[in-house]
Q: 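Quick one: the structure is below, and I'll ask about it shortly.
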Amino acid sequence: MARTAEQSAEEGAERSLEAMLQDIAALETLAADWPEAHRNAALARSRAIDDLNAEAFRRLIRALKAVPGMAAALRDAAADEVVYAVLRRHGILKPSLFERVDAALDTIRPTLAGHGGDVELVRVEPPLAEVRFLGACDGCPASMLTFYAGVKKAIQDNVPEIAEVKQAKGLGGGSAEAVHFTSPFAAQQTDGWRAAAVLTELPDGATKVVEVAGHSLLLSRFGDKVTCFENACAHMGMPLDGGEIADGLITCPYHAFQYSLESGECLTAPEVQLQPQGVRVVGERIEVHLAE
């Protein structure tokens, strides 16, 4: 029999962020059938409690920051997904630039979805943001018009720090030696590519550690895309390959920082990310282009 939230709390069991958010969603659904006056009263009470908690957190953090060495401890504490979610909810931690750009794309996604397409944010390196069209928008003759008229405007209107927006393009091919797909981080280079692995060694969903020219690299495959990142946590540079990998995420075995192996984004501290390296597949060869 599933335990209730009260039972879990009494037993001291840690509950996941997802489980707690599901509880909140269930309560919100329950309140949807209440009389309007009751809903308004409950909402006002919830906001008052939120205001109280937010002010308490601000004062606590302000006091702790004055203690020598405590700033680093607070950053480590924010690595916990529940702590991070609560501090973000109260506006104590600000959204990263990556999150802000992705939120700007959310304003144009409904329009793209109406045409069977979507757009993903590939990377953000101020003042540049790079995006890729998906679905029906990928390769559509009108995609460039959509790009300049919609996506680019949405980003620049909402995130003034981004002065340049580029569209990432994949390279198609039919011959055995054609480039099948290229990482969005790979510059359009013709020289300097190095063999890293064979495609059959990297099945869909797998991650492999390879050593190339003195670099320890993480190669991961997501369907028709291969990604390549330095095997080093952005937190303290420790190797990541001993960490747990699940659902496309890798967790640093030393300090539990968590990263997306598809985008390189750090879910623990969104202001940092894994260092990408260029990668492409030619025939059955996976090749990398290293930034020295």
Side-chain angles (χ1 to χ4, degrees), residues 14-25 27-28 43 45-107 109 120-129 154-162 229 232-238 240 243-244 246-276:
E14 285 192 354
R15 302 185 66 226
S16 69
L17 175 63
E18 180 181 6
M20 288 185 280
L21 291 178
Q22 287 175 347
D23 287 347
I24 294 172
L27 290 171
E28 290 175 343
L43 182 60
R45 182 178 185 275
S46 176
R47 287 174 176 168
I49 293 174
D50 273 352
D51 290 343
L52 174 63
N53 289 337
E55 184 59 27
F57 283 132
R58 292 190 190 96
R59 295 185 185 189
L60 176 63
I61 292 171
R62 190 161 54 241
L64 291 177
K65 279 185 175 179
V67 179
M70 192 56 67
L74 288 172
R75 286 194 296 271
D76 288 342
D80 182 275
E81 63 174 4
V82 175
V83 175
Y84 177 77
V86 171
L87 295 182
R88 277 294 311 276
R89 172 180 172 81
H90 292 308
I92 296 170
L93 288 180
K94 304 300 181 183
S96 68
L97 188 59
F98 191 99
E99 290 175 294
R100 290 172 56 209
V101 174
D102 202 45
L105 291 177
D106 283 340
T107 66
R109 284 189 170 111
E120 69 173 349
L121 180 57
V122 173
R123 65 181 175 124
V124 177
E125 295 180 2
L128 169 70
I155 293 176
Q156 294 182 330
D157 283 354
N158 290 279
V159 190
E161 298 97 315
I162 299 300
F229 298 98
C233 178
H235 177 211
M236 296 185 67
M238 307 296 283
L240 292 168
E244 179 183 355
D247 299 323
L249 303 177
I250 188 168
T251 301
C252 176
Y254 299 93
H255 300 100
F257 271 42
Q258 196 171 57
Y259 300 89
S260 165
L261 287 167
E262 186 169 8
S263 67
E265 177 185 10
C266 180
L267 280 66
T268 307
E271 66 272 15
V272 300
Q273 66 176 36
L274 296 179
Q275 180 183 342

Q: State, yes or no, whether a side-chain contact exists between V86 and N53 at a heavy-atom distance under 4.5 Å.
A: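 A side-chain contact is absent here, since even the closest heavy-atom pair is not under 4.5 Å.
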Q: Which residue pairs satisfy the side chain to side chain donor-acceptor pair (under 3.5 Å) criterion with at least one member in residues 57-69, sequence neighbours excluded?
A: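 Side chain to side chain donor-acceptor pair (under 3.5 Å) check on residues 57-69 returns E55-R59.
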Q: Minimum heavy-atom separation for I162 to Q156, with atom names?
A: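 Closest approach of I162 to Q156, heavy atoms only: O-CG, 3.7 Å.
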Q: Do the side chains of I24 and L27 get nearer than 4.5 Å, heavy atoms only?
A: no
Q: Looking only at heavy atoms, what is the nearest atom pair of L121 and A129, with distance?
A: CD1-CB, 4.5 Å
Q: Quick one: closest heavy-atom pair of E81 and L17, and the distance?
A: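 So the two residues come closest at OE2-N, 3.2 Å.
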Q: As an exercise, state the distance from CD of E125 to CZ of F98, rounded to the nearest 0.5 Å.
A: 11.0 Å
Q: Using 30° and 60° as the class limits, which term best fits the ring planes of H235 and H255: parallel, tilted or perpendicular?
A: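 Taking H255 first and then H235, their aromatic rings stand perpendicular (interplane angle over 60°).
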Q: Can you name the nearest heavy-atom pair linking A104 to V159, along with the distance?
A: CB-CG2, 4.4 Å
Q: For a side-chain contact (heavy atoms from CB on, under 4.5 Å) check, start with the C-alpha distance between R123 and L128, then their side-chain angles and the critical distance, and finish with the verdict.
A: CA-CA 8 Å; R123 65 181 175 124; L128 169 70; 3.5 Å; yes
Q: Tell me, yes or no, whether the heavy-atom count around D157 atom CG, taken from other residues, nucleotides or ligands under 6.0 Å, exceeds 12.
A: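 Yes.
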Q: Any side-chain to backbone donor/acceptor pair from T268 onto Q258? Under 3.5 Å, distance only.
A: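 Side chain of T268 to backbone of Q258: a pair is present.
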Q: For D247 and L249, indicate whether the former's side chain and the latter's backbone hold a donor-acceptor pair under 3.5 Å.
A: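 Not confirmed, D247 side chain does not pair with L249 backbone.
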Q: Is any side-chain N of the basic residue among R47 and D50 closer than 4.0 Å to the acidic one's carboxylate O?
A: no
Q: Could you tell me whether the side chain of Y254 and the main chain of M236 form a donor-acceptor pair under 3.5 Å?
A: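 Judged by distance alone, no pair lies under 3.5 Å.
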Q: Starting at CD of E99, measure out to CZ of R88 and round the result to the nearest 0.5 Å.
A: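 It comes to 4.5 Å.
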Q: Side chains of P126 and V124: closer than 4.5 Å at any heavy-atom pair?
A: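 Yes; the side chains approach each other to less than 4.5 Å.
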Q: Can you tell me how far the OG1 atom of T107 sits from the CD1 atom of I155, to the nearest 0.5 Å?
A: 9.0 Å
Q: Kindly compute the distance separating CD1 (I61) from CG (L93), expressed to the nearest 0.5 Å.
A: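 Between I61 CD1 and L93 CG, I get 7.0 Å after rounding to 0.5 Å.
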Q: Distance check, rounded to the nearest 0.5 Å: R89 atom CZ versus L87 atom CG?
A: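 Interatomic distance, R89 CZ to L87 CG, rounded to 0.5 Å: 12.0 Å.
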Q: Between F229 and L261, what is the shortest heavy-atom contact and its length?
A: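 Nearest heavy atoms, F229 then L261: CE1-O, 3.3 Å.
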Q: Looking at C233 and F257, what are the two nearest heavy atoms and their distance?
A: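 Looks like SG-CB, 4.0 Å.
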